[in-house]
Protein chains: 2
Amino acid sequence: MARAATTSDAFNAVAEPRRREILDVLAGGERPVNDLVDLLDLAQPHVSRHLRVLRDVGVVDVRGEGRQRLYRLNPQALKPIHDWVAGYRHLWEERLDALEDVLEDLKDQENQEKD
Amino acid sequence: MARAATTSDAFNAVAEPRRREILDVLAGGERPVNDLVDLLDLAQPHVSRHLRVLRDVGVVDVRGEGRQRLYRLNPQALKPIHDWVAGYRHLWEERLDALEDVLEDLKDQENQEKD
DNA sequence: ACATCATATATCCATATGTATATGCGTTGG
DNA sequence: CCAACGCATATACATATGGATATATGATGT
């Protein structure tokens, strides 16, 4: 079997750095394709192709405005990703907490030495 | 040019559902390869290959224990993903807030009608 | 109707992928 | 010292990919 399609889910769609860049721009508001072409320094067909993938997964919505196509972010589609990583968050924060504990112990030791 | 390698960063590594399953298991603690084979119903070479990808990206660490190889989650490697999606979180929560506002307005209207 | 602008799509290539099977290789136990 | 075990890797294959170029589609203004 081949690799999973980038259009299979948000995880795959977002795995591509260029597409994350596109989303980062769209986070600032609705944009026509040519804006993205200029801002991201990509060829127009590439941008259109990436947008197609993002649309298939539901991360962006399109709206026809005259002869332009305005793309808008649909943030809700990113929620599954957030929910998944959020489940791991306490695991790396535990380490920070442990580090803080060590630092506090060191402080206590200093104070004891002062007395 | 071809697609970015899955070994290039955590985003790509995690795009594969099987690898997320592996991480979900490892979140519960260190495991030898065969545990994953049994739990995930995957062939051993597949598990080994996925683990290799995850290791290359730094999401898991290995430790030799006798003739077993114990894999452990390295949650910190997932932080970039969390940080990226977290930036979008307010965007989908705004909608919920807006919904709450509407609901509160409705409540206020009800109260006014009561008076 | 026609020319023009804004996008989308078709086709090409090189490559990375996931799955499968078979095999290599180090560790342990007798 | 050798067999069994645990795991990693080599190879084969079908496929999806991203990039590039060229072309089609679709709306607009005249």
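Every chain is numbered from 1 and lettered A, B, ... according to where its sequence line falls, protein lines coming before strand lines.
B/Leu54 places its CG atom 12 Å from the P atom of D/dA8, with the value rounded to the nearest Å. Distance A/Arg63 CZ to C/dA6 P: 17 Å, rounded to the nearest Å. Atom CG in A/Asn12 sits roughly 8 Å away from atom P in D/dT17 (whole-Å rounding). To the nearest angstrom, P of C/dT7 lies 16 Å from NE2 of A/His50. We find that CG of B/Asp38 is positioned 14 Å from C1' of D/dC5, with the value rounded to whole Å. The distance between atom CG of A/Leu36 and atom P of C/dA6, rounded to the nearest whole Å, is 14 Å. In this structure, CG of A/Leu42 is placed 13 Å from P of D/dT21, rounded to the nearest angstrom.
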Residues 24-37 of chain B side chain polar contacts: donor-acceptor under 3.5 Å, at least two apart:
unit_1: B/Asp24; atom_1: OD1; unit_2: A/Trp84; atom_2: NE1; d: 3.3
unit_1: B/Asp24; atom_1: OD1; unit_2: A/Tyr88; atom_2: OH; d: 2.4
unit_1: B/Glu30; atom_1: OE1; unit_2: B/Arg63; atom_2: NH2; d: 2.8
unit_1: B/Glu30; atom_1: OE2; unit_2: B/Arg63; atom_2: NE; d: 2.8
unit_1: B/Glu30; atom_1: OE2; unit_2: B/Arg63; atom_2: NH2; d: 3.3
unit_1: B/Arg31; atom_1: NH1; unit_2: B/Asp35; atom_2: OD2; d: 3.0

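Every side chain to side chain donor-acceptor pair (under 3.5 Å) that A/Asp56 has, sequence neighbours left out, goes to A/Arg52. Listed by chain and number, the residues in a side chain to side chain donor-acceptor pair (under 3.5 Å) with A/Gln68 amount to none (sequence neighbours excluded). The side chain to side chain contact (heavy atoms under 4.5 Å, CB included) test applied to A/Ala86 returns A/His82, not counting sequence neighbours. Residues that satisfy the side chain to side chain donor-acceptor pair (under 3.5 Å) test with B/Arg19, not counting sequence neighbours, are B/His50. Not a single side chain to side chain contact (heavy atoms under 4.5 Å, CB included) links B/Arg49 to another residue, sequence neighbours left out. Scored by the salt bridge (charged side-chain N to carboxylate O under 4.0 Å, His left out) test, B/Asp83 finds B/Lys79 as partners (sequence neighbours excluded). Here A/Arg89 pairs with A/Glu93 under the side chain to side chain donor-acceptor pair (under 3.5 Å) rule; sequence neighbours left out.
Comparing D/dG19, D/dG6, C/dT7 by their nearest atom to the side chain of A/Pro32 picks out C/dT7.
Among residue pairs with one or both ends in residues 5-14 of chain B, those qualifying as salt bridge (Lys or Arg N to Asp or Glu O under 4.0 Å) are A/Arg20-B/Asp9; sequence neighbours excluded.
Contacts of residues 16-30 of chain A with DNA chain C (heavy atom under 4.0 Å): none.
Inter-residue side-chain proximity for A/Val59 and A/Leu73 is flagged as met; some heavy-atom pair is nearer than 4.5 Å. Using a 4.5 Å cut-off on side-chain heavy atoms (C-beta onward), A/Val47 and A/Leu40 make no contact.
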For nucleotides 24-30 of chain D, print each protein N/O atom paired with a nucleotide N/O atom at under 3.5 Å, atom names and distance only.
none

Polar pairs (N or O, both sides) under 3.5 Å between protein and nucleotides 8-10 of chain C?
unit_1: C/dA8; atom_1: OP1; unit_2: A/Arg69; atom_2: NE; d: 3.4
unit_1: C/dA8; atom_1: OP1; unit_2: A/Tyr71; atom_2: OH; d: 2.5
unit_1: C/dA8; atom_1: OP2; unit_2: A/Ser48; atom_2: OG; d: 2.6
unit_1: C/dA8; atom_1: N7; unit_2: A/Gln44; atom_2: NE2; d: 2.8

